[in-house]
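Okay, so here's the structure we're looking at.
Reckoned from all heavy atoms, side chains included, excluding hydrogens, waters and symmetry mates.
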Amino acid sequence: MDQRLVQIALVVKDYDEAISFYTQKLGFELTEDTRLTETKRWVVVKPKGGGSCSLLLAKAANEEQQRAIGNQTGGRVFLFLYTDNIERDYQHFKMNNIKFVRELSNEPYGTVAVFEDLYGNLWDLIQPR
């Protein structure tokens with residue numbers, strides 16, 4: 001059996017503001033932006049590098065989905081972004097006004113900092129040991 005997680009849906013308010021945040025502030029690549037209907041697009045971004053998991057930026061289509069924007073995990077860290085150089089990425093994110101809610105710390109599994117995306121979802125930025 002060969003299985004792998006390749007995409008995670010992230011509910012967003014607006015496609016273009018989300019694309020801008022992920023590509024310009026976090027440095028992700030836009031790998032697809034296909035119009036499906038007048039109001040729905042298939043928008044995929046991914047971190048640069050060899051990882052295979054990407055984010056499907058899914059615009060909220062109703063009130064229930066809108067309530068989930070920025071709080072898809074009830075306030076827990078939602079996504080984990082591994083890096084080969086946390087100091088470089090930490091400084092890059094700071095220069096792009098990314099809000100950190102927990103500064104760099106050394107943990108048994110590596111060096112980590114917690115930041116918010118444009119909607120308030122929490123991310124771990126991790127350089128594993």
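For Gln91, the side-chain hydrogen bond (donor to acceptor under 3.5 Å, both in side chains) criterion is met by Glu87, not counting sequence neighbours. The side-chain hydrogen bond (donor to acceptor under 3.5 Å, both in side chains) check on Asp84 picks up Arg88, with sequence neighbours excluded. Residues passing the ring-ring contact (aromatic ring centres under 6.0 Å, His included) test with Tyr119: none are found, sequence neighbours excluded. Residues satisfying the ring-ring contact (aromatic ring centres under 6.0 Å, His included) criterion with Phe21, sequence neighbours excluded, are absent altogether. Not counting sequence neighbours, the partners of Ala113 by the side-chain contact (heavy atoms from CB on, under 4.5 Å) test are Tyr90, Phe100, Leu104. The side-chain hydrogen bond (donor to acceptor under 3.5 Å, both in side chains) check on Glu32 picks up Thr34, with sequence neighbours excluded. Remark: Lys94 engages Glu103 in a salt bridge (Lys or Arg N to Asp or Glu O under 4.0 Å) (not counting sequence neighbours). With sequence neighbours excluded, the residues satisfying side-chain contact (heavy atoms from CB on, under 4.5 Å) with Asp124 are Val77, Phe80, Val112, Val114, Ile126. Every residue two or more places apart in sequence or in another chain was checked for a side-chain hydrogen bond (donor to acceptor under 3.5 Å, both in side chains) with Gln65, and none qualifies.
Side-chain atoms of Lys25 and Asn97, non-hydrogen and from C-beta on, do get closer than 4.5 Å to each other. Taking the side chain as every heavy atom from C-beta outward, Val45 and Glu29 never approach each other to under 4.5 Å. Looking at heavy atoms from C-beta onward, Pro128 lies in side-chain contact with Tyr82 at the 4.5 angstrom threshold. Residues Asp117 and Tyr22 form a side-chain contact, since some pair of their non-hydrogen atoms from C-beta on lies under 4.5 Å apart. Residues Glu116 and Ile98 are not in side-chain contact: their nearest non-hydrogen atoms beyond the backbone lie 4.5 Å or more apart.
Atom CG of Asp89 and atom CG of Leu26 lie 9.5 Å apart (nearest 0.5 Å). A distance of 10.5 Å separates CG of Leu56 from CD1 of Ile8, quoted to the nearest 0.5 Å. For the atom pair Leu55 CG and Leu79 CG, the distance stands at 6.0 Å (nearest 0.5 Å). Atom CG of residue Leu10 and atom NZ of residue Lys59 lie 14.5 Å apart, to the nearest 0.5 angstrom. Note that CD of Gln24 is 9.0 Å distant from CG of Asn96, once rounded to the nearest 0.5 Å.
Ring pair Phe28/Trp123 is perpendicular by interplanar angle, where above 60° counts as perpendicular and below 30° as parallel.
Between Leu30 and Val44, the closest heavy-atom pair is CD1-O, 3.5 Å. Nearest heavy atom pair, residue Leu81 against residue Pro47, reads CD1-CG, 3.7 Å. Residues Phe78 and Ala9 come closest through the heavy atom pair CZ-O, 4.3 Å. Of all non-hydrogen atoms in Ala60 and Val11, the two that sit nearest each other are CB-CG1, 3.7 Å. When all heavy atoms of Arg102 and Glu107 are compared, the closest pair comes out as NH2-OE2, 4.1 Å.
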Checklist line | Test log, rule side chain to side chain contact (heavy atoms under 4.5 Å, CB included), inputs Val12 and Ile69 | finding: CA-CA 6 Å; Val12 301; Ile69 294 171; 5.9 Å; no
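For the pair Arg4 (side chain) and Cys53 (backbone), a donor-acceptor distance under 3.5 Å is absent. Looking at Ser54, its side chain does come within 3.5 Å of a backbone N or O of Val6 through a donor-acceptor pair.
Applying the side chain to side chain donor-acceptor pair (under 3.5 Å) test to pairs two or more places apart or on separate chains, those with a residue in residues 37-53 are Asp16-Arg41, Asp33-Arg41.
Residue-environment remark: CZ (Arg76) stays at or below the threshold of 12 foreign heavy atoms within 6.0 Å.
In the hydrophobic clustering, where aliphatic and aromatic side chains (Ile, Leu, Val, Met, Phe, Trp, Tyr) are joined below 4.5 Å either directly or transitively, Met1 stands alone. Other members of the cluster containing Met95 do not exist, because no ILVMFWY side chain is joined to it at under 4.5 Å.
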